[in-house]
Enquirer: 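Input: one structure, supplied below.
Counting starts at 1 for both ligands and their atoms, following the listed order.
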Amino acid sequence: MSFPIDNLANRIPFLWINPHYEGTQSSSGLGLQDMLDAEARLARFAPLLAELFDEAAERHGIIESELLEIPKLSQELLPGARILLKGDHDLPVAGSVKARGGIYNVLCFAENLALENNIMPIGGNTRLLNTEKARALFKKYTVSVGSTGNLGLSIGTIAAAMGFKARVHMSSDAKEWKKQLLRSRGAEVIEYDGDYSSAVKQGREESQLDPFAYFVDDENSRELFLGYSVAAFRLRAQLKLRGIQPDERHPLFIYLPCGVGGAPGGLCFGLNALFGKAVRCFFAEPLEAPCMTLGLITGKHDAISVYDIGLTNHTSADGLAVGRPSAFVGRAIENIVSGCFTVSDESLAAFARQAKTLEGLKIEPSAAAGFPGPAMVCESDYCSNHGIAPENVTHILWTTGGRYLPDVP
Ligand SMILES: *Cc1c(COP(=O)(O)O)cnc(C)c1O
């Protein structure tokens, strides 16, 4: 093996800069119009979500998080830099970045069913999906998903709340409290000894045998991807309120925890569609599960797994415990992701503690994966190679989960 695969195989935290970065969208077949459609659909469904969930009523059914100043943490991570934090760890209803994508995906399915069965006309009042008639239809269908925890929490919560049967296939990494929370919300949890990929496979196969089943395919779903991407519109508005208008000389560097790739991929795609080269995205992965990094470096995407280079896929970052990346996402972002880096479990724990003690933020270990990013990128030759003055950069850490994390005494 050779550099940089050696670093992955030897579990050495490192930053890989993507030599295939072009900053223009590649051939995912998706574009800005698809993002606008997704944003419009979420706006139409906001009244329904506000009706279904007290937590969503706060923003009238728009599920969104704050963009936060983190002065103390910022000073600790890279003295002198401007670092903000996009607080998806606190997203309502699902408690993680999976809220946007997961809920959007189930809404798309429900809307199609409602249209086919004359429950709601095209563009009609989405609260018609919360009526006796709609529920009588939805209860015939099973919505299922394979997950390490958070996607299951998102899909299971929205599916059960709409009256579907919800079946969540959980990998062995899934935390007990996530399974319990999900059961308390009316979903059925099926537990596996195997990893994420095998839970997804089992779920997909089971679903194929049942004509009344719909499987949310984390490895392939366009709807999930587009649901994630709408965050770019919301971030743009939040930046504007702070007077931040990025351009190529004053770019944003954004650090995104990565598992199978859907959430960071959708975010990267959306950000690139709106900001072009004014936004540079870096994906963060655990030392034992750098599947997207490996897929991108080798160009093999889902044809290679972290097991193939001797890694275990065992990590305390349960949300990122994925051994094989999504090929769909890998190809969609291979020319728009700026780089990837790896982080040790010890660092994740330390960063999550810092977030708590310095800024009072409750985040799970996965959500802290981006924290070493600003220092790693700024200490490399990335800025000089790209003609960027480091003092002009605004960094954004994207924290991806934690709202329902039980308090440990
Ligand atoms: C799922 C998840 C991610 C990464 O999303 P993928 O779509 O799996 O790449 C990051 N952080 C947390 C907390 C997650 O649950």
Side-chain angles (χ1 to χ4, degrees), residues 65 86-91 94-102 104-105 145-157 168 170-171 173-175 177-178 181-182 195-197 199-200 216-229 231 254-270 281-286 289-293 295-296 301-302 313 315-330 332-333 337 340 343 348 351-352 355 361-371 373 397-405:
S65 68
K86 178 63 176 156
D88 276 6
H89 63 281
D90 204 31
L91 277 179
S96 79
V97 67
K98 303 297 190 313
R100 288 191 208 86
Y104 179 71
N105 203 143
V145 67
S147 172
T148 64
N150 285 335
L151 184 63
L153 203 48
S154 176
I155 301 287
T157 299
V168 177
M170 288 283 204
S171 71
D173 315 279
K175 294 276 179 281
W177 69 264
K178 288 183 185 171
L181 181 57
L182 201 44
D195 72 357
Y196 162 86
S197 306
V200 170
V216 176
D217 195 331
D218 198 14
E219 293 177 325
N220 297 297
S221 169
R222 268 70 180 160
E223 287 81 11
L224 259 180
F225 189 78
L226 289 171
Y228 291 129
S229 77
I254 304 199
Y255 307 95
L256 302 164
C258 180
V260 73
L267 293 168
C268 176
F269 167 83
C281 292
F282 298 89
F283 290 4
E285 295 189 292
C291 66
M292 183 57 75
T293 309
L296 288 171
H301 301 297
D302 65 344
N313 191 24
T315 167
S316 59
D318 50 307
L320 313 181
V322 179
R324 197 183 287 281
S326 159
F328 152 59
V329 174
I333 54 98
V337 64
C340 301
V343 196
L348 293 179
F351 287 131
L361 304 173
K362 190 163 77 167
I363 66 172
E364 53 183 277
S366 302
F371 285 25
L397 307 174
W398 210 289
T399 49
T400 44
R403 182 178 178 113
Y404 305 119
L405 199 61

Enquirer: At under 4.0 Å between heavy atoms, is it the side chain or the backbone of S366 that contacts ligand 1, or both, or neither?
Expert: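 Only the side chain of S366 comes within reach of ligand 1.
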Enquirer: Does the T399 side chain pair with the main chain of A367, one donor and one acceptor, at a distance under 3.5 Å?
Expert: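 No; zero donor-acceptor contacts below 3.5 Å.
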Enquirer: Between the candidates T400, T148, L151, L153, which shows the shortest non-hydrogen contact distance to atom 13 (C) of ligand 1?
Expert: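 Among T400, T148, L151, L153, the closest heavy atom to atom 13 (C) of ligand 1 comes from T400.
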Enquirer: Answer yes or no: is there a donor N or O on one side and an acceptor on the other, between the side chain of T148 and the main chain of A321, under 3.5 Å?
Expert: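 Pair absent, no side-chain N/O of T148 close to backbone of A321.
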Enquirer: Enumerate the atoms of ligand 1 whose separation from the nearest heavy atom of N150 is less than 4.0 angstrom.
Expert: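 Atoms satisfying the 4.0 Å criterion: 13 (C), 14 (C), 15 (O).
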Enquirer: How close do L320 and A284 get, counting heavy atoms only, and between which atoms?
Expert: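 L320 and A284 have their closest heavy atoms at CD1-O, 4.3 Å.
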Enquirer: Considering the heavy atoms of V260, write down every atom of ligand 1 situated less than 4.0 Å from one of them.
Expert: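 Under 4.0 Å from V260, ligand 1 has these atoms: 6 (P), 7 (O), 8 (O), 9 (O).
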Enquirer: Which atoms of ligand 1 sit under 4.0 Å from any heavy atom of G261?
Expert: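 That gives atoms 6 (P), 7 (O), 9 (O) of ligand 1.
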Enquirer: What part of K98, side chain from CB on, backbone N/CA/C/O, both or neither, has a heavy atom under 4.0 Å from ligand 1?
Expert: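 Just the side chain.
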Enquirer: Does E219 offer a backbone N or O that forms a donor-acceptor pair with the side chain of S326 under 3.5 Å?
Expert: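 Indeed, once roles are kept as given, a pair shorter than 3.5 Å links the two residues.
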Enquirer: Measure the distance from atom 5 (O) of ligand 1 to every protein heavy atom, then report the residue, atom name and distance (to 0.1 Å) of the closest one.
Expert: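 For atom 5 (O) of ligand 1, the nearest protein heavy atom is A263 CB, 3.4 Å.
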Enquirer: State whether the shortest distance between N or O atoms of S96 and N or O atoms of ligand 1 falls below 3.5 angstrom.
Expert: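 No; every N/O pair is 3.5 Å or more apart.
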Enquirer: Give me the one residue out of L405, N150, V168 that meets side chain to side chain contact (heavy atoms under 4.5 Å, CB included) with K178.
Expert: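 With K178 as partner, L405, N150, V168 yield a single side chain to side chain contact (heavy atoms under 4.5 Å, CB included), made by N150.
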Enquirer: Is R100 salt-bridged to D88, going by a charged N under 4.0 Å from an acidic O?
Expert: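 Result for this pair is yes, salt bridge flagged.
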Enquirer: If you take all heavy atoms of F351 and A368, which pair is closest and at what distance?
Expert: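 Result for this residue pair: CB-CB, 3.7 Å.
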Enquirer: Check this for me - ligand 1, E364, N or O atoms closer than 3.5 angstrom, yes or no?
Expert: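 No - when backbone and side-chain N and O of E364 are compared with those of ligand 1, no distance drops under 3.5 Å.
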Enquirer: Need the ligand 1 atom indices (1-based, order shown) with element for anything under 4.0 Å from a heavy-atom of P257.
Expert: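 Per the distance check, 4 (C), 10 (C).
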Enquirer: Would you check whether G401 has a nitrogen or oxygen atom less than 3.5 angstrom from a nitrogen or oxygen atom of ligand 1?
Expert: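 Between G401 and ligand 1 (N or O atoms, distance only) the closest approach is not under 3.5 Å.
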Enquirer: Would you give the length of the straight line joining atom CH2 of W398 to atom OG of S65, rounded to the nearest 0.5 angstrom?
Expert: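 Answer for the CH2-OG pair, W398 versus S65, is 7.0 Å.
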Enquirer: Would you mind telling me which of V337, L226, V329 makes a side chain to side chain contact (heavy atoms under 4.5 Å, CB included) with F269?
Expert: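 Running side chain to side chain contact (heavy atoms under 4.5 Å, CB included) over V337, L226, V329 with F269 returns exactly one hit, L226.
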Enquirer: Show the atoms of ligand 1 that are less than 4.0 angstrom away from any heavy atom in G262.
Expert: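 That gives atoms 6 (P), 7 (O), 9 (O) of ligand 1.
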Enquirer: Below 3.5 Å, N or O to N or O, backbone or side chain included: is there any such pair between L320 and ligand 1?
Expert: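 No: no nitrogen or oxygen of L320 is under 3.5 Å from one in ligand 1.
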Enquirer: Suppose we measure from atom 4 (C) of ligand 1 to each protein heavy atom; which comes out shortest, and what is that distance?
Expert: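 Atom 4 (C) of ligand 1 sits closest to the protein heavy atom G259 N, 3.5 Å.
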Enquirer: Any idea which atoms of ligand 1 are less than 4.0 Å away from a heavy-atom of P264?
Expert: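 Reading through ligand 1 atom by atom, the close ones are 5 (O), 6 (P), 7 (O), 9 (O).
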Enquirer: Examine distances only and state if a side-chain atom of S221 and a backbone atom of D217 form a donor-acceptor pair shorter than 3.5 Å.
Expert: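 No: the side chain of S221 does not pair with the backbone of D217.
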Enquirer: Measure V322 to ligand 1 on non-hydrogen atoms and call it side chain, backbone, both or neither using the 4.0 Å cut-off.
Expert: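 Neither; nothing of V322 gets under 4.0 Å from ligand 1.
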